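Okay, structure first, notes after.
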Amino acid sequence: MADLSVKIGSVSLKTPIVIASGTWGYDEELWRDDLLGHVGAVCSKAITDGKKEGNPGVRVWETPCGLLNSIGLQNTGIDDFVDKKLPELEGRGVPIIANVSMEDEKGLIRMVERLVPVSDRITALELNVSCPNVDHGCMSWGVSPVLTGQAVSMVRSRWSGPLWVKMTPQAPDPEAVGRAAQESGADALVVANTWLGMAMDVKARKPVFARKVAGFSGPAVFPLSLRLVWQVAGAVSIPIIGCGGVSSWEDLLSMVMAGASAVEVGTGLFRDLHMPESICKGLSRYMEAEGVKHVSELVGVAR
Amino acid sequence: MADLSVKIGSVSLKTPIVIASGTWGYDEELWRDDLLGHVGAVCSKAITDGKKEGNPGVRVWETPCGLLNSIGLQNTGIDDFVDKKLPELEGRGVPIIANVSMEDEKGLIRMVERLVPVSDRITALELNVSCPNVDHGCMSWGVSPVLTGQAVSMVRSRWSGPLWVKMTPQAPDPEAVGRAAQESGADALVVANTWLGMAMDVKARKPVFARKVAGFSGPAVFPLSLRLVWQVAGAVSIPIIGCGGVSSWEDLLSMVMAGASAVEVGTGLFRDLHMPESICKGLSRYMEAEGVKHVSELVGVAR
Amino acid sequence: MGRGVDDYSAVLTSVELIGEDVVYLRARCPELACEVEPGQFILLRDPAWGLDPLLMRPFAVAGVIGDDIEILLQVVGRGTEMLAQRKPGDPLVVRGPMGRGFSKPSSSPVYVAGTLGSAPLLFARDRFGAGRFVLGVPNGRWESFVLWLKRRCPELEVFSDDGSLGSKGNSLKGLSPDEDVSVMACGPGPMMAAMANMGLKDCQVSMESRMACGIGACSGCVIETSSGKKRVCADGPVFDLQEVVWNG
Amino acid sequence: MGRGVDDYSAVLTSVELIGEDVVYLRARCPELACEVEPGQFILLRDPAWGLDPLLMRPFAVAGVIGDDIEILLQVVGRGTEMLAQRKPGDPLVVRGPMGRGFSKPSSSPVYVAGTLGSAPLLFARDRFGAGRFVLGVPNGRWESFVLWLKRRCPELEVFSDDGSLGSKGNSLKGLSPDEDVSVMACGPGPMMAAMANMGLKDCQVSMESRMACGIGACSGCVIETSSGKKRVCADGPVFDLQEVVWNG
Ligand SMILES: Cc1cc2nc3c(=O)[nH]c(=O)nc-3n(C[C@H](O)[C@H](O)[C@H](O)COP(=O)(O)OP(=O)(O)OC[C@H]3O[C@@H](n4cnc5c(N)ncnc54)[C@H](O)[C@@H]3O)c2cc1C
Ligand SMILES: Cc1cc2nc3c(=O)[nH]c(=O)nc-3n(C[C@H](O)[C@H](O)[C@H](O)COP(=O)(O)OP(=O)(O)OC[C@H]3O[C@@H](n4cnc5c(N)ncnc54)[C@H](O)[C@@H]3O)c2cc1C
Ligand SMILES: Cc1cc2nc3c(=O)[nH]c(=O)nc-3n(C[C@H](O)[C@H](O)[C@H](O)COP(=O)(O)O)c2cc1C
Ligand SMILES: Cc1cc2nc3c(=O)[nH]c(=O)nc-3n(C[C@H](O)[C@H](O)[C@H](O)COP(=O)(O)O)c2cc1C
Ligand code: FES
Ligand code: FES
């Protein structure tokens, strides 16, 4: 196997594949080496200040090559994450990215302050200003360059470790949001969270989801995410982590050639638990055939 | 078969299925009744003032459940359309929608003036301010409420027949664009043209398309289009024609329940020439089972 | 009773139409067959599919025969329709064994099934022994399914809504909260809600819900319980009847 | 020579591996078999696929036997891989007959093929009669394909780039612009560009291009010609060699 390790700023990962937030669980049986052996890091489910029940009603819906979800940030809150989850995750041998979901300023600050003392156990903080599945906060920060900049600054002034910002594809001007995040001190950009989609229950004559719209992910959205990675990579100088629909080594390479240093994968795993392994194998074969020593040599080559 | 006829403003169509611009040809053998018998109308390929060669290089690319295209408005120009194509199309028994592509004001005005004398042969004028596959004009008008309003006014002051405006999903504020089109005199909105996507040729290490980005259509985008129809239908009072990824009668019904009066279909036809027939059969069965007399009873019921 | 959480290649060894739109599948998958417990489920995908349908489909394990697992599959949509058309010898991708199954009954077992809900209960009966086995079906279109089930489970008591098969009426009539039995049930929501209303004390129910991952990763399949939202795929699918909030 | 432009249900009647990654398919489709002309093509889709792969795949018709059409298919990507795994009895969706085929040769025919380019030429040979049939292949891995073709076409002249099959070198060596022959060719772009440079006067070439609709509706498959962009699927796939702009 070729050397697949990558660096995202100061963060070293053994492969360019990170499991995206909300698509992996804390249950011990999911952390076996044969499942995560080819994964560079795992993002936690979104963490909010308080515990959240998440959304009622149907939460997942299949679409052609895609998935709509309306989980609504269900999680046990920052205190439980720091006090219970993190200690459990320790010793499982996989780097953890803490996905911190912006709701309001006070909550964000408290979450960061809770994380600072355990920063040595967290590979990076992923600031989530992009969840489309809650009514207030989150995505309404990420669509605006000014608000994104404010949110990033708030974290940056308290958090000295690696700081990733997970953008929303709903931003009318994603380049401006990316630049604002960079100028406010982000170390990397995750491009991007889910797209805004919808499904109809034609039998019931009403929208499938209680909140009507839902987050859209999976292979269907790949051409959109790739375009977004291309756009944002042209506007910033910090590393980019591509996210949205990656399901093959060709997808990963496409993102990398467009300017991403690594990718996050989510929905594809639901279909194939061994996807990270197949991606690594395909990538490795490609690199050996093409005489590529490090993935970094390929970053942005198509630009 | 149930009565599937619909009215879009003053336009009556025998079924709610319109073939989308750029996805049907002028060749005679495509106009057989067994292919178009279940189609309410056919949109012409985009018409521009002068003849256009279209884009070089790869023009179509398959993605998971989707299609990227970069045709680039290849067409023989307004004069050829009026002088040659329209007479050919006459007597083929299918209503024709003229898709007129905005490039600049002068060209648009000349095109409309050429169409006015033959307005009796054109069921509606579909103003295309949304093609993503050319460098200047078109989509740059459609992303802006102000420019969309200007373009619509220019046509409206000269064209007294039915006027549809085909929007772009790339508009940062689609509700505002829809309202601007309505206020400037549009009779209906087509929601929407293709999404902006991209593909990478990993072997060649460069983007597949010469223009890098391309228009994204097909079943993959359906959840996005449905959401857009829902949004725009909530903002305007003129009829909406849903477009993007429709490939089944359930898709059509979803669009209708979200507020569309009819749909346009394109990419789905490439996969199944008999799709309009299957959609009509499914819709008919549904209406009979549910005691629905007219499609119009279902418009917006999910809102 | 562990969750395996892995994807395996399996081979279909038998495909049999056993009712209107109901198919019996047998698939060779030794890794699973030796591990799976009654009440656990698996997810299926056809490797010949492209990326659509995208997600795997969940099915209860209806029994184990040597290296094979048994499944009863009702065609209700595109995924099940495509799966039902497969032939012996065709490959399948199988994920499992998933979820927490039935606990060993503490007194004599009673099985209560609505149509396809009989699948996990057949497996439970194989392991925990025969007892009353009550089946409710809507109408006479279920006749061949009922005949098939009866060969497998001769003590089957059949109820149908319209009386065209077995006794007319509600399959729950014969149940009483005072009996000292361990009930295991699987069927439509209203049937199980009715059981909850009867106040059955010792009753385990196997639940269904739309799933994306099936492994406990996405929180997509939660149901409401007295101790908050729980994932059907990882915390269930078997729950205590009284724990489930039926109007959640 | 009409374009049929319709989708039909066909049934595979034969599937045979005839070379490394090359499969011979025969499908019963009477509507097409009675109409199709040499040089025309069809599009294929497996009805067992979901919506992915989305588009149909184009293939030349390699012959007609009664109600059946013949196809030679090389596995090069996911669609062809999935099609190659189908078995006799499986259904297919077929669109066609598509495009404009070869015109009747005006003098004695010469067929020039690069690997799979032999498919439409086999059909042309069936209709227009035998003549020189030149085949170019890269290397010895094409041996079983060449043997298969030779049984079908005993006059086959084989050239290989590395000399491991037939004569070493360029299959075009024996061609001359002065001969009074009607050449029909199908193969990789460079081969056909080289023929254009030789100045062959009477030469029809069958072209390939990525397609979306295959019926002339999308303008996705255009190539550059001396009279502007033309659609391979509707204006071709057979063009006059001199009409095609080879660096377009
Ligand atoms: C734990 C569990 C055990 C099950 N056991 C059986 C069994 O033994 N036999 C059997 O026939 N069926 C069983 N089902 C139901 C079966 O999973 C669904 O009928 C099937 O997924 C429908 O797929 P489809 O593509 O045909 O339908 P579609 O409606 O086309 O499916 C679309 C989507 O909805 C999901 N979905 C639809 N209905 C259900 C449902 N009721 N439950 C979960 N997801 C659904 C599908 O997985 C898919 O993601 C079980 C479901 C669960 C959750
Ligand atoms: C007129 C015509 C006749 C053909 N005849 C034959 C034949 O007789 N035998 C044979 O083996 N092949 C033939 N081909 C090529 C064949 O269509 C492609 O190899 C096939 O479509 C590849 O599909 P895939 O899914 O395996 O590859 P992928 O690369 O996975 O396909 C992805 C997409 O690219 C398109 N595509 C890829 N390569 C080509 C290509 N060379 N031409 C057109 N579209 C392509 C596919 O249709 C699909 O849309 C012909 C092509 C054309 C245009
Ligand atoms: C079920 C589900 C839950 C998700 N939860 C979160 C979340 O809590 N926080 C977050 O930032 N993103 C969340 N996402 C988005 C994913 O992390 C990822 O950005 C998105 O799914 C696109 O990638 P994919 O196409 O590979 O899945 C979720 C996605 C899914 C499908
Ligand atoms: C090959 C192709 C060419 C197209 N050309 C045009 C065009 O000329 N004018 C236009 O308004 N839309 C054009 N479109 C967009 C379609 O009309 C339609 O809006 C879009 O494809 C979404 O619908 P669908 O998913 O059903 O294809 C084109 C789409 C395709 C796939
Ligand atoms: S289906 Fe994902 S948690 Fe249960
Ligand atoms: S493939 Fe659509 S015009 Fe040729």
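None of the values given here were measured: they were computed from a predicted structure. Labels below follow one simple rule: chain letters A, B, ... track the order of the sequence lines, proteins then strands, and each chain is numbered from 1.
- The residue among B:Val58, B:Ile19, B:Leu35, B:Leu273 with the most heavy atom pairs within less than 4.5 Å of chain D is B:Leu273.
- With a 6.0 Å radius and a threshold of 12 heavy atoms from other residues, nucleotides or ligands, D:Arg86 has its CZ atom above the threshold.
- Shown here is B:Glu88, whose CD atom has more than 12 heavy atoms of other residues, nucleotides or ligands within 6.0 Å.
- The closest side-chain heavy-atom distance from B:Arg59 to D:Lys229 is below 4.5 Å.
- Contact of the B:Val208 side chain with the D:Arg210 side chain is not registered, since no non-hydrogen atoms from C-beta on lie closer than 4.5 Å.
- Contacts between B:Leu269 and chain D at a heavy-atom distance below 4.5 Å involve the backbone alone (N, CA, C, O).
- Contacts of residues 70-84 of chain B with chain D at a heavy-atom distance below 4.5 Å involve B:Ile71, B:Gln74, listed in sequence order.
- Here the closest heavy-atom approach between residue B:Leu67 and residue D:Leu54 is recorded as N-CD2, 4.4 Å.
- Contact between D:Asp52 and B:Pro64 at its shortest, heavy atoms only, is OD1-CA, 3.5 Å.
- Of the two parts of D:Arg45, only the side chain, counted from C-beta on, holds a non-hydrogen atom closer than 4.5 Å to a non-hydrogen atom of chain B.
- Per-residue heavy-atom pair counts under 4.5 Å with chain D were compared for B:Cys65, B:Gly25, B:Gly54, and the maximum is reached by B:Cys65.
- Annotation for D:Leu55 and B:Glu62: closest pair N-OE2, 2.7 Å, computed over non-hydrogen atoms.
- Across every non-hydrogen atom of B:Arg271 and D:Trp49, the tightest pair is NH2-O, 3.9 Å.
- Of all the listed residues (D:Gly79, D:Cys213, D:Gly50), the one sharing the greatest number of non-hydrogen pairs under 4.5 Å with chain B is D:Cys213.
- Other residues, nucleotides and ligands contribute more than 12 heavy atoms inside 6.0 Å of the CZ atom of B:Arg205.
- Most heavy-atom pairs under 4.5 Å with chain D, from the set B:Gly218, B:Pro219, B:Pro56: that is B:Pro219.
- Residues B:Val60 and D:Met211 fail the side-chain proximity criterion, which asks for heavy atoms closer than 4.5 Å.
- The two residues B:Arg32 and D:Asp6 come nearest to each other via the heavy atoms NH2-OD2, 3.3 Å.
- Interface residue B:Asp272: backbone and side-chain heavy atoms are both found under 4.5 Å from chain D.
- Considering only heavy-atom pairs separated by less than 4.5 Å from chain D, the leading option among B:Asn55, B:Thr23, B:Thr267, B:Thr63 is B:Thr23.
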